Amino acid sequence: MLLLISPDGVEEALDCAKAAEYLDIVDVKKPDEGSLGANFPWVIREIRDAVPAGKPVSATVGDVPYKPGTVAQAALGAAVSGATYIKVGLYGCTTPDQAIEVMRGVVRAVKDYRPDALVVASGYADAHRIGCVNPLALPDIAHRAGADAAMLDTAIKDGTRLFDHVPPDACGEFVRLAHEAGLLAALAGSVKAADLGALTRIGTDIVGVRGAVCEGGDRNAGRIQPHLVAAFRAEMDRHAQEHAAAAAS
Ligand SMILES: O=C[C@H](O)COP(=O)(O)O
């Protein structure tokens with residue numbers, strides 16, 4: 001399982017760089033603009049320059065509206081700025097057809113510019129609270145649009161977590177559907193170390209985290225702490241080893 005960490009700007013990205021050996025992907029977002037809030041192109045560029053070259057930079061395009069042209073253009077902006085994972089939060093899409101239309105535009109815009117970039121279609125575990133597409137529809141949406149990964153996060157960061165809205169077995173079904181479609185499965189949403197056993201067991205490819213590696217567990221007031229990133233990675237490794245040992249026995 002890969003560890004994706006979301007700093008909110010250049011300063012926190014420098015802290016991520018200090019913990020680079022413990023993480024896999026640095027994810028640029030602007031939390032004060034929403035769960036998948038988009039940051040400025042120059043921030044993506046600065047963060048790309050600040051983290052080791054071997055670590056991919058991801059960027060969120062935002063909690064986007066159903067405006068395929070606008071979103072495609074924004075996604076290209078993230079790719080031009082140096083991100084190689086382009087994440088789109090399908091906030092304003094109320095049907096799978098709308099979501100597929102948005103994601104097809106993103107895939108074309110990004111891959112025409114950079115064929116090796118990975119496009120991530122993200123839905124929300126708490127979709128029922130905001131009226132967007134069902135979380136379990138994401139793998140099919142991502143697949144039909146030609147994206148590389150299906151993801152879930154939570155839209156409303158009020159302390160409720162991924163598993164409060166999509167229990168582990170349903171997340172397992174999400175992962176199974178993604179894998180069946182040849183996609184990576186990414187899960188996030190106030191994930192804590194205690195969730196890592198279940199996330200490992202169901203075969204999650206990427207876990208996205210912010211709050212759990214901020215001081216006090218506070219994604220807004222707290223700052224990302226390199227030692228918390230290291231501790232989170234240690235827990236991931238422990239679960240991976242236990243899971244491998246159980247599978248081998
Ligand atoms: O993509 C990952 C998100 O930023 C997760 O943030 P969170 O762990 O604070 O919910």
Side-chain angles (χ1 to χ4, degrees), residues 3-9 12 25 27-39 58-67 70-71 74 78 85-96 98-99 102-103 106 120-139 141-142 149-175 178 185-196 198-199 202 204 206-224 228 232:
L3 176 57
L4 173 148
I5 302 279
S6 304
D8 66 356
E12 277 195 337
I25 303 164
D27 178 49
V28 185
K29 63 172 53 163
K30 196 166 179 291
D32 61 358
E33 290 197 16
S35 158
L36 277 86
N39 215 318
S58 155
T60 52
V61 173
D63 294 311
V64 308
Y66 170 52
K67 291 194 174 176
T70 302
V71 179
Y85 283 73
I86 310 297
K87 280 168 58 185
V88 179
L90 296 163
Y91 193 96
C93 296
T94 56
T95 67
Q98 288 182 354
V102 167
M103 288 311 304
V106 168
V120 182
S122 184
Y124 301 89
D126 51 351
H128 57 283
R129 303 171 91 185
I130 57 170
C132 69
V133 286
N134 186 294
L136 287 180
L138 260 296
I141 290 165
M151 180 164 190
L152 293 180
D153 200 337
T154 46
I156 302 174
K157 301 288 183 181
D158 61 353
T160 62
R161 297 159 54 198
L162 171 70
F163 289 157
D164 294 330
H165 303 291
V166 182
D169 285 354
C171 283
E173 177 65 2
F174 175 89
V175 172
L187 291 169
S190 302
V191 165
K192 294 187 191 308
D195 302 326
L196 287 171
L199 291 171
I202 63 176
T204 310
I206 302 171
V207 58
V209 170
R210 173 171 173 78
V213 297
C214 287
E215 58 192 336
D218 187 333
R219 75 188 316 272
N220 298 315
R223 312 303 301 158
I224 289 176
L228 295 178
F232 198 85

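Just so it is clear, the model here is predicted, and its values are computed rather than measured.
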Check whether any side-chain heavy atom of [X] sits under 4.5 Å from a side-chain heavy atom of [Y], and report yes or no.
| X | Y | result |
| --- | --- | --- |
| Lys157 | Ser35 | yes |
| Ile141 | Leu90 | yes |
| Leu196 | Phe232 | yes |
| Leu199 | Val191 | yes |
| Leu4 | Val207 | no |
| Pro135 | Tyr124 | no |

If only atom types and distance count, is the side chain of [X] paired as donor or acceptor with the main-chain N or O of [Y] below 3.5 Å?
| X | Y | value |
| --- | --- | --- |
| Thr154 | Leu162 | no |
| Asp27 | Ile5 | no |
| Asp126 | Ala155 | yes |
| Arg219 | Arg210 | no |
| Ser58 | Val28 | no |
| Gln98 | Tyr66 | no |

- prompt: If you look at every heavy atom in Ala149 and Ala142, which pair is closest and at what distance?
  reply: O-CB, 3.8 Å
query: So, for Val133 and Ala127, which heavy atoms are closest and what is the spacing to 0.1 Å?
result: O-CB, 3.3 Å
First locate atom [atom1] of [X], then atom [atom2] of [Y], and finally report the distance between them rounded to the nearest 0.5 Å.
| X | Y | atom1 | atom2 | value |
| --- | --- | --- | --- | --- |
| Leu187 | Thr204 | CG | OG1 | 4.5 Å |
| Lys30 | Asp32 | NZ | CG | 4.0 Å |
| Asp8 | Lys29 | CG | NZ | 10.5 Å |
| Ile25 | Tyr85 | CD1 | OH | 4.0 Å |
| Ile206 | Met151 | CD1 | CE | 7.5 Å |
| Asn134 | Thr94 | CG | OG1 | 12.5 Å |

message: Does either side chain, that of Thr160 or that of Arg129, offer a donor lying less than 3.5 Å from an acceptor on the other one?
response: yes
field: Basic-acidic side-chain contact under 4.0 Å: Arg161, Asp195
entry: yes
message: Apply side-chain contact (heavy atoms from CB on, under 4.5 Å) to residues Val64 and Tyr91 and explain how you reach the verdict.
response: CA-CA 5 Å; Val64 308; Tyr91 193 96; 5.9 Å; no
- prompt: Using the ring of each side chain (for Trp, its six-membered ring), is His128 parallel, tilted or perpendicular to His165, with breaks at 30° and 60°?
  reply: tilted
- prompt: Under the side-chain contact (heavy atoms from CB on, under 4.5 Å) criterion, do Val71 and Val61 qualify, and how do the steps go?
  reply: CA-CA 7 Å; Val71 179; Val61 173; 4.2 Å; yes
task: Please assess Ser122 against Lys87 for the test side-chain contact (heavy atoms from CB on, under 4.5 Å), listing each intermediate value before the final yes or no.
output: CA-CA 7 Å; Ser122 184; Lys87 280 168 58 185; 5.5 Å; no
